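Please read these numbers as outputs of a predicted model, since none were measured by experiment. Basis for what follows: all heavy atoms, side chains included, without hydrogens, waters or symmetry-related copies. Letters go in sequence order (proteins before strands), and every chain restarts at 1.
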Amino acid sequence: MKLLVPVKRVLDYNVKPRVKADGTGVDLANVKMSMNPFDEIAVEEAIRLKEKGAATEIVVVSVGPAKAQETLRTALAMGADRAILVQTDDEVEPLGVAKILKAIADEEQPGLVILGKQAIDDDSNQTGQMLAALTGWGQGTFASKVEIDGDTATVTREVDGGAETVALTLPAIVTTDLRLNEPRYASLPNIMKAKSKPLANKTPGDLGVDVTPRLKTLKVVEPSKRQAGVKVADVDELVGKLKTLGVVA
Amino acid sequence: MTALVLVEHDGGALKDATLPAVTAATKLGGDVHLLVAGEGVGAVAEAAAKIAGVAKVLVADGAPYVHQLPEAVAPLVVGLMGDFDAFVAPATSRGKNVAPRVAALLDVMQLSEILSVEGPDSFTRPIYAGNAIATVQSTDAKKVITVRGTAFEKAATEGGSAEIAAVAAGEEAATARFVSAEVSKSERPELTGAKIVVSGGRALQNGENFSSLIEPLADKLGAAVGASRAAVDAGYVPNDYQVGQTGKIVAPEVYIAIGISGAIQHLAGMKDSKVIVAINKDEDAPIFQVADVGLVGDLFKVVPELTEKL
Ligand SMILES: Cc1cc2nc3c(=O)[nH]c(=O)nc-3n(C[C@H](O)[C@H](O)[C@H](O)COP(=O)(O)OP(=O)(O)OC[C@H]3O[C@@H](n4cnc5c(N)ncnc54)[C@H](O)[C@@H]3O)c2cc1C
Ligand SMILES: Nc1ncnc2c1ncn2[C@@H]1O[C@H](COP(=O)(O)O)[C@@H](O)[C@H]1O
């Protein structure tokens, strides 16, 4: 079984995002970019499935600028076998990404697509569900456990009131939550090896996908800032404060 | 403009998460209809019909919807959308699961977790863990929207008298099957709706400390209990306690953060609380930059004393 893992290049999660002064977006010039953390978890899960013998090949795909190659190389260094860059300098929305992934899924015929549950830049949390809609496959979103048995994926999902387990007929879609696994670091020899793994280049046009955005960003602003308040010296003073705030009688 | 709002329920009762979504839908400016999808959901439909401002409640009652799987619910919604201009769902784990599936089937780009309605087709929403707020305009003919519950008032649960109409149930999902659910049971208020939230972080060191320190304080205050991801990851508490960018979004009257450093991913989930209280032994912890009241101290000393003195 082949696994398809979409990975997005995003602002590193340790970097504090700065809104551009002209209000057009977040400043990404000269800041550290990394693989979306949920996608690292997706790559790791794919590698573990392959190590367990449940999968034979891992294809990673990224939609983005030429630099997204770095993200794909990182995934290859972790243990993916082959990469596809769908190159575009335009920002592609989740619906456009889902359409591109559908076209790639048609070509590659994966048994399972593992995505992150959300990209930490747009915080959309849409692409996996959209791909499931376009393929007509079952979806196991926000996964904390994935098991493959024959033509079924059993997925435990993190939901508001606890956990839920669903059984999906393969092919299917999984999106990862944080506790699914802890991604490995790529070793130096594997980083070297990754340089010679195949990386194919395509464009949205090659795949026949129109990625014209449907949403127009009118402006981007910083949220209203909270002012730091007061520090109290001890518990008695804290209790006093809570009383004046009406928290306790 | 008529909006269809997905009712959040657990089969037996309507969930509060529905109410801010109704308010957001009302702000779109047209009629608001609700959809209850489930099995044996008569009581939910009755409750939905009483919500103020609702014109009609559609009920899809049948076996395919008993677990509200998106593979069954999304086609149901899409089948109804001929009559609607917008589909609105609460940004709960259920809403987030089904709405994008609906959007893609309608060939529409979803607006996730809106914070406000600025006009019939423009909205604000948080990006980058709430470190930026974008105003976005949708060019799609139909809107698919999820609503951040803390950003809108709750619609009143009394005062409405909507008509209830049955809609035909569709097919069972062929590609997905419900296996089991592990529902965390708690006597405490629900995290996302609580007036007071007491949250603990990595500093608690283990589950025993978490329950012997955080829980008595929460009980004394009638508060819900939350946690940082670090505390959840380390297994001190179950995953549905997590507050943050990728956990639950809360905005209680009072949020008490204990032994939590205040990483941006955590702040994303609680910085809209009315009053933030922080207890941390590190006076430079970032949490103090957003706290209205801060106490620098060792939680193992301070928290029992606080619980006793309240
Ligand atoms: C993609 C992604 C998503 C994430 N999503 C979330 C999310 O939704 N929610 C979330 O919370 N995190 C999230 N995180 C993790 C986040 O970055 C932080 O790692 C996490 O919030 C830290 O938890 P903490 O504050 O409990 O632990 P720490 O950062 O380790 O802080 C512990 C704090 O306790 C204090 N302390 C220690 N001992 C004592 C004592 N005896 N008394 C008093 N204070 C003490 C320390 O001074 C310190 O400030 C996410 C991370 C990533 C990469
Ligand atoms: N440009 C992209 N390239 C590759 N994968 C993507 C891209 N955008 C989104 N994804 C995948 O979809 C997931 C959810 O993203 P989103 O719906 O934008 O929150 C991510 O974690 C990725 O797995």
Side-chain angles (χ1 to χ4, degrees), chain A residues 11 13 16-17 19 26 93-95 98 118 120-126 129-130 132-134 136-139 141-142 144 154 158-169 172 178-179 214-223 226 228-232 235-236 238-239 241 245 247-248, chain B residues 69-71 74 92-93 96-97 100-101 103-105 108-110 112 122 126-140 173 175-184 196 221 229 233 238-240 246 254 264 271 275 288-296 302 305-306 309-310:
Chain A
L11 181 66
Y13 82 96
K16 176 147 173 62
V19 173
V26 164
E93 294 168 342
L95 181 63
Q118 121 188 27
I120 61 164
D121 50 2
D122 61 34
D123 282 334
S124 291
N125 195 331
Q126 300 179 11
Q129 298 88 317
M130 287 183 155
L134 299 178
W137 299 346
Q139 66 189 54
T141 53
F142 325 149
S144 60
T154 304
E158 298 199 349
V159 296
D160 288 340
E164 176 186 281
T165 303
V166 291
L168 310 171
T169 309
L178 292 169
R179 270 163 297 279
R214 308 294 187 82
L215 303 182
K216 232 190 278 172
T217 299
L218 303 179
K219 69 171 186 237
V220 176
V221 298
E222 267 185 40
R226 275 191 97 95
V230 295
K231 287 221 174 83
V232 292
V235 171
D236 290 326
L238 178 57
V239 173
K241 267 274 169 208
L245 291 167
V247 180
V248 287
Chain B
L69 296 183
E71 293 82 353
T92 53
S93 50
K96 290 174 179 174
N97 203 21
R101 196 160 175 128
L105 292 173
V108 162
M109 181 53 206
Q110 173 180 305
S112 293
S122 58
I127 54 175
Y128 290 90
N131 285 288
I133 309 293
T135 306
V136 287
Q137 185 175 33
S138 163
T139 59
D140 288 311
T175 49
R177 183 171 53 82
F178 173 86
V179 176
S180 62
E182 251 177 73
V183 183
S184 18
I196 306 178
L221 293 167
R229 176 191 166 196
D233 265 356
N239 66 268
D240 55 318
T246 54
V254 186
I264 60 171
K271 70 180 161 50
V275 175
F288 288 126
Q289 290 164 21
V290 299
D292 302 282
V293 187
L295 175 57
V296 179
V302 174
E305 189 185 337
L306 177 62
K309 288 183 173 165
L310 281 174

Can you tell me which portion of [X] sits under 4.5 Å from chain A's heavy atoms? Options are side chain, backbone, both or neither.
X: Pro70(B); result: side chain
X: Ala291(B); result: backbone
X: Gln110(B); result: both
X: Val254(B); result: side chain
X: Ile196(B); result: side chain
X: Leu295(B); result: both

Considering non-hydrogen atoms only, spot the tightest contact between [X] and [Y] and give its length.
X: Asp240(B); Y: Gly161(A); value: OD2-C, 3.6 Å
X: Pro223(A); Y: Gly130(B); value: CG-O, 3.2 Å
X: Leu134(A); Y: Ala104(B); value: CD2-O, 3.9 Å
X: Ala129(B); Y: Asp123(A); value: N-OD2, 2.8 Å
X: Leu11(A); Y: Tyr128(B); value: CD2-CE2, 3.8 Å
X: Asn131(B); Y: Lys16(A); value: OD1-NZ, 3.0 Å

Choice from [options] maximising heavy atom contacts with chain A below 4.5 Å:
options: Leu105(B), Val293(B), Val302(B); answer: Val293(B)
options: Val296(B), Leu221(B), Leu69(B), Thr246(B); answer: Thr246(B)
options: Asn239(B), Val275(B), Leu306(B), Thr92(B); answer: Asn239(B)
options: Gln289(B), Gln137(B), Glu305(B); answer: Gln137(B)
options: Thr139(B), Leu310(B), Val136(B), Ile133(B); answer: Ile133(B)
options: Val183(B), Ile264(B), Asp233(B); answer: Asp233(B)

Examine whether an atom of [X] lies under 4.5 Å from a heavy atom of chain B, and if so say whether it belongs to the side chain, the backbone or both; otherwise answer neither.
X: Leu245(A); value: side chain
X: Leu238(A); value: side chain
X: Val26(A); value: side chain
X: Leu178(A); value: both
X: Lys241(A); value: side chain
X: Val232(A); value: both

Looking at [options], which has the largest count of heavy-atom pairs under 4.5 Å with chain B?
options: Ile120(A), Thr165(A), Leu95(A); answer: Thr165(A)
options: Val159(A), Val19(A), Thr154(A); answer: Val159(A)
options: Val239(A), Val220(A), Asp121(A), Thr141(A); answer: Asp121(A)
options: Gln118(A), Arg179(A), Glu164(A); answer: Arg179(A)

**Message:** Run the salt bridge (Lys or Arg N to Asp or Glu O under 4.0 Å) test against Asp160(A) and tell me which residues pass, sequence neighbours left out.
**Reply:** none

**Asked** Does atom NZ of Lys219(A) have more than 12 heavy-atom neighbours from other groups under 6.0 Å away?
**Response**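 At most 12 heavy atoms, drawn from other residues, nucleotides or ligands, come within 6.0 Å of this atom.
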
**Prompt:** For Ala163(A), which residues count as a side chain to side chain contact (heavy atoms under 4.5 Å, CB included) partner, sequence neighbours excluded?
**Reply:**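 Here the qualifying residues are Thr156(A), Glu182(B).
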
**Prompt:** Gln139(A) side chain to Glu71(B) main-chain N or O, any donor-acceptor pair under 3.5 Å?
**Reply:**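 Flag not set: sc Gln139(A) to bb Glu71(B) has no pair under 3.5 Å.
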
**Fill in**
Value for CD (Gln126(A)) from CZ (Arg101(B)), rounded to nearest 0.5 Å, stands at 14.5 Å

**Asked** Do Pro94(A) and Met109(B) touch side chain to side chain, with heavy atoms closer than 4.5 Å?
**Response**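 They are in contact (side-chain heavy atoms under 4.5 Å apart), so the answer is yes.
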
**Message:** Quick check: do Arg177(B) and Thr169(A) have side-chain heavy atoms less than 4.5 Å from each other?
**Reply:** no

